[in-house]
Amino acid sequence: MSSPLSAEKIKNHQIGARIGSEVLVFDAVDSTNELAKQHLFQDAREGLVLLAESQTRGRGRLGRSWMSLPGMGLYLSLILKPKIPTRRLPQLTLMAGLAAALAVNEFSVPDARLKWPNDVLLNGKKCCGILCETHPTPTGESGVIVGIGINANHSPADFPDELKSSATSLKIETGNSTDRQDLAIALISHLDKQYDAFLSDEEPTIIEKWLENSDMVGKKITVTHGNTATPGTALGLDSQGRLLVLSDKGEELAFDSGEVSLQPREWPA
Ligand code: BT5
């Protein structure tokens, strides 16, 4: 377990002009995304970052949970109020994943790879997940809570059996402990840069940057959406950030959400 996070120390780095202009650190919370939502409803400023030492009800997508052991990982939420067309909102998950992968890369060899839509992998296992949630603000703008969980100092024994084959941490992959304070500073700094670029760049740029940090294209995958599993080959992302797949039946499909499995498939021939 590394030393406790300090909002003062993080702010002293003067990392982000926008993201990280205000940083709050909590001990145990239910979910940093839930806490961020309360701050959003009280009209908190864009760029507010909330961090917690642990979460009792850390959440993933679709009601799933995020294991958030005390002092082992980074549990961060930030508030954005982007003035962008609604169609671009899903690209914020890609922007946050890119920033998280670049932050992880500062502490890791091999490089982190992105898996659509919201995972950061090390050696094919998940070390980080992103959860973006959109809410209206009291002033009528659209507010986005970006939640990021990164596994830093977990040992294999810290993961329950059901996560042992799919989850990993920086420590497991590199053999080194990571100072979570430094990881938080790197993450906030990359988020600030990538968010600025996202707002000012031409629309396809985020897609190109995301793809440069992913190995998915050309891979055999299975996309599960609702109750339907579609085996096929990943072709890339379209300009909105949807996953393009050539199904094994020869159809070209675009997914705006879903689960992707990269593992070798065991389908009947
Ligand atoms: C995610 O959901 O990957 C989004 C995770 C976001 C967590 C952050 S932490 C700060 C902020 N506050 C919150 O309450 N949440 C955010 P999803 O793609 O649905 O993946 C969830 C699945 O990942 C679970 O069902 C497990 O299978 C697996 N999982 C749970 N905890 C994990 C962990 N610590 N490391 C790796 N995999 C995990």
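Sequence positions, counted from 1, serve as the residue numbers for this chain. What you see is a predicted model, and the numbers here were worked out from it, not measured in a lab. Counting convention: from 1, in listed order, for ligands and their atoms alike.
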Using 4.0 Å as the upper bound for N to carboxylate O, is an ion pair formed by Glu173 and Lys125?
-> no

Gly60 heavy atoms within 4.0 Å reach ligand 1 at atoms 1 (C), 2 (O), 4 (C), 19 (O)

If we number the atoms of ligand 1 from 1 as shown, the ones under 4.0 Å from a heavy atom of Leu163 are 26 (C), 27 (O), 28 (C), 29 (N), 30 (C), 31 (N), 32 (C), 38 (C)

Could you tell me whether the side chain of Glu46 and the main chain of Lys81 form a donor-acceptor pair under 3.5 Å?
-> yes

Would you say Ser65 contacts ligand 1, with heavy atoms under 4.0 Å as the rule?
-> yes

Which atoms of ligand 1 have any heavy atom of Arg59 under 4.0 Å away?
-> 5 (C), 6 (C), 7 (C), 13 (C), 14 (O), 15 (N), 16 (C)

Leu199 vs Ile84 side-chain heavy atoms within contact, under 4.5 Å | yes

If you scan protein heavy atoms around atom 37 (N) of ligand 1, the nearest is Trp66 CZ3, 3.7 Å

Answer whether the closest heavy-atom distance between the side chains of Asn176 and Leu170 falls below 4.5 Å.
-> no

Taking only heavy atoms of Thr32 into account, list the atoms of ligand 1 that are under 4.0 Å away from them.
-> 10 (C), 11 (C), 12 (N)

In ligand 1, the atoms that come under 4.0 Å of a heavy atom of Ile130 are 4 (C)

So which of Glu34, Gln55, Glu162 gets nearest to atom 12 (N) of ligand 1, if we judge by its closest heavy atom?
-> Gln55

Minimum heavy-atom separation for Arg242 to Trp116, with atom names?
-> C-NE1, 4.4 Å

Indicate yes or no: does Arg59 engage Asp30 in a salt bridge with an N to O separation below 4.0 Å.
-> no

Any N or O on Asn151 sitting closer than 3.5 Å to an N or O of ligand 1?
-> yes

Go through ligand 1 atom by atom and flag the ones less than 4.0 Å from a non-hydrogen atom of Gly58.
-> 14 (O)

